[in-house]
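What you see below is based on every heavy atom in this structure, not just the backbone, and it leaves out hydrogens, waters and symmetry mates.
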Amino acid sequence: MCAAFLNPESDALTSEFLRLCSENGLSISPEIAEECVQHLLLVLEVNKTTNLTRITDLHEALVLHIFDSLTLLPYLCAAPDGPCLDMGTGAGFPGIPLCLCSDRHFTLLDSVGKKVRAVSSFIESLGLASRCEAVQDRVESFASSCPSSYVAVTARAMSSLPVLVEYAAPLLVTGGYLIVSKGNPTRDELDHGNRAAKICGMRFLQQSSLELPLELGHREILVYERYAKPQIALPRAIGAAKKSPLG
């Protein structure tokens with residue numbers, strides 16, 4: 001059994017996480033909460049030798065990794081049925097918590113090999129191999145090989161909105177959602193994101209604001225829908241979205 005599953009703090013952390021969820025309007029079963037905590041403990045164990053996260057305080061990590069990931073759950077549940085993709089998954093956030101809580105199939109995409117290898121080991125340890133996979137690739141090349149394959153794409157502060165919209169558009173089916181968590185996006189970023197969305201056959205659906213528990217930060221959740229063909233050929237060449245953002 002993995003060391004994380006034997007952590008003597010696991011039960012106390014699960015209880016603490018369930019209390020955080022209850023106090024902040026998030027409904028989650030004790031069994032799923034325990035699995036989410038097990039994922040976090042696996043991350044922090046591997047983080048001792050492989051840099052996956054700068055957040056190492058267990059109590060802050062409950063909020064900044066698990067709870068923060070699950071703030072996307074209501075928007076994911078509103079997406080059409082089908083497979084989902086987590087862009088820039090890092091240590092598996094928000095993809096693994098969302099997979100645990102939604103029963104959807106998730107592809108967890110990252111360009112960094114050591115992160116993908118770590119996430120693959122987490123998937124195996126958590127028994128998620130039948131509905132979750134980690135893939136090492138750049139978003140642009142992955143979109144070329146898997147166009148229009150996902151009903152939802154998630155991202156947490158991976159890049160600016162125009163870049164995220166452009167990345168997601170060729171991956172989404174018509175009617176699919178891009179669900180983004182940002183800290184404090186500027187009005188300029190939001191405007192550029194909306195202009196990029198129009199070029200990419202996407203439209204802005206909604207924006208919601210929330211404060212994380214324990215005063216650990218502010219979040220803006222933004223949802224875009226793929227509704228039409230892009231006005232330009234997507235994906236563009238690797239790096240083009242960041243070097244020459246649309247919008």
Side-chain angles (χ1 to χ4, degrees), residues 68-69 71-72 75-76 78-80 82-90 92-95 98 104 106-113 115-116 119 133-208 219-247:
D68 196 15
S69 294
T71 59
L72 304 185
Y75 311 94
L76 179 68
C84 306
L85 175 77
D86 184 26
M87 295 192 298
T89 196
F93 301 109
L98 290 173
R104 289 182 182 247
F106 260 86
T107 298
L108 311 181
L109 184 67
D110 205 285
S111 63
V112 181
K115 293 181 179 179
V116 171
V119 170
E133 61 178 340
V135 175
Q136 181 185 357
D137 204 349
R138 295 289 297 267
V139 178
E140 301 96 328
S141 58
F142 187 75
S144 293
S145 61
C146 299
S148 303
S149 297
Y150 297 96
V151 302
V153 172
T154 59
R156 284 202 313 169
M158 174 192 170
S159 192
S160 67
L161 280 174
V163 173
L164 294 176
V165 166
E166 179 177 342
Y167 280 167
L171 289 160
L172 287 167
V173 300
T174 301
Y177 287 3
L178 167 63
I179 307 168
V180 177
S181 175
K182 301 281 285 186
N184 287 285
T186 64
R187 184 71 255 170
D188 186 61
E189 182 180 357
L190 294 170
D191 290 342
H192 278 83
N194 289 338
R195 288 197 290 271
K198 292 180 180 179
I199 297 170
C200 294
M202 305 273 283
R203 59 185 166 201
F204 172 75
L205 284 187
Q206 67 181 110
Q207 180 176 352
S208 302
R219 293 291 182 267
E220 295 289 328
I221 312 297
L222 300 114
V223 183
Y224 296 83
E225 180 187 22
R226 166 81 184 272
Y227 76 100
K229 291 183 178 180
Q231 297 174 16
I232 62 172
L234 292 177
R236 290 194 286 166
I238 290 174
K242 289 188 175 181
K243 291 177 182 176
S244 304
L246 300 174

Pairing of Arg195 and Asp191 as salt bridge, 4.0 angstrom limit: no

Salt bridge (charged side-chain N to carboxylate O under 4.0 Å, His left out) pairs, two or more places apart, involving residues 148-158: Asp68-Arg156

Hey, mind stepping through Leu72 and Leu98 against side-chain contact (heavy atoms from CB on, under 4.5 Å) and telling me if it holds? CA-CA 8 Å; Leu72 304 185; Leu98 290 173; 4.3 Å; yes

Assess the residue pair Thr107 and Tyr150 against the criterion (side-chain contact (heavy atoms from CB on, under 4.5 Å)); give the C-alpha distance rounded to whole Å, side-chain angles, the decisive distance to 0.1 Å, and a yes or no. CA-CA 9 Å; Thr107 298; Tyr150 297 96; 3.2 Å; yes

Least distance between heavy atoms, Ala134 atom then Val119 atom: CB-CG1, 3.8 Å

Could you tell me if the side chain of Gln207 sits less than 4.5 Å from the side chain of Leu190, heavy atoms only? yes

Hey, what do you get for CG (Leu85) to CD (Glu133), rounding to the nearest 0.5 Å? 9.5 Å

For the pair Ser149 (side chain) and Pro147 (backbone), establish whether a donor and an acceptor sit closer than 3.5 Å, ignoring hydrogens and angles. yes

Nearest heavy-atom neighbours spanning Leu76 and Arg104: O-NH2, 3.2 Å

Applying the side chain to side chain contact (heavy atoms under 4.5 Å, CB included) test to Val116, which of Asp110, Thr89, Val135 qualifies? Asp110

Point-to-point distance, once rounded to the nearest 0.5 Å, from OG of Ser145 to CG of Asp137: 6.0 Å

Under 3.5 Å, sequence neighbours excluded: what are the donor-acceptor pairs made by side chains of residues 158-182?
unit_1	atom_1	unit_2	atom_2	d
Glu166	OE1	Arg236	NH2	2.9
Glu166	OE2	Arg236	NE	2.7
Glu166	OE2	Arg236	NH2	3.4
Lys182	NZ	Ser159	O	2.8
Lys182	NZ	Glu189	OE2	2.8

Shortest non-hydrogen contact from Tyr224 toward Phe204: CD2-CA, 3.6 Å

Starting at CD of Glu225, measure out to CE of Met202 and round the result to the nearest 0.5 Å. 8.5 Å

Which residues pass the side-chain hydrogen bond (donor to acceptor under 3.5 Å, both in side chains) test with Gln231, sequence neighbours left out? none

When every non-hydrogen atom of Met87 is compared with those of Ala155, the smallest separation belongs to CE-CB, 4.1 Å

Partners meeting side-chain hydrogen bond (donor to acceptor under 3.5 Å, both in side chains) with Gln136 (sequence neighbours left out): none

Spacing of OH belonging to Tyr75 relative to CG belonging to Leu205, to within rounding of 0.5 Å: 12.0 Å

Could you go through residues 237-247 and list every donor-acceptor pair under 3.5 Å that involves a side-chain atom there, pairing it with any protein atom two or more places apart or in another chain?
none

Which pair of non-hydrogen atoms, one from Gly95 and one from Asp86, has the smallest distance, and what is that distance? N-OD2, 3.0 Å

With Asp188, which residues qualify under side-chain contact (heavy atoms from CB on, under 4.5 Å), at least two apart? Thr186, His192

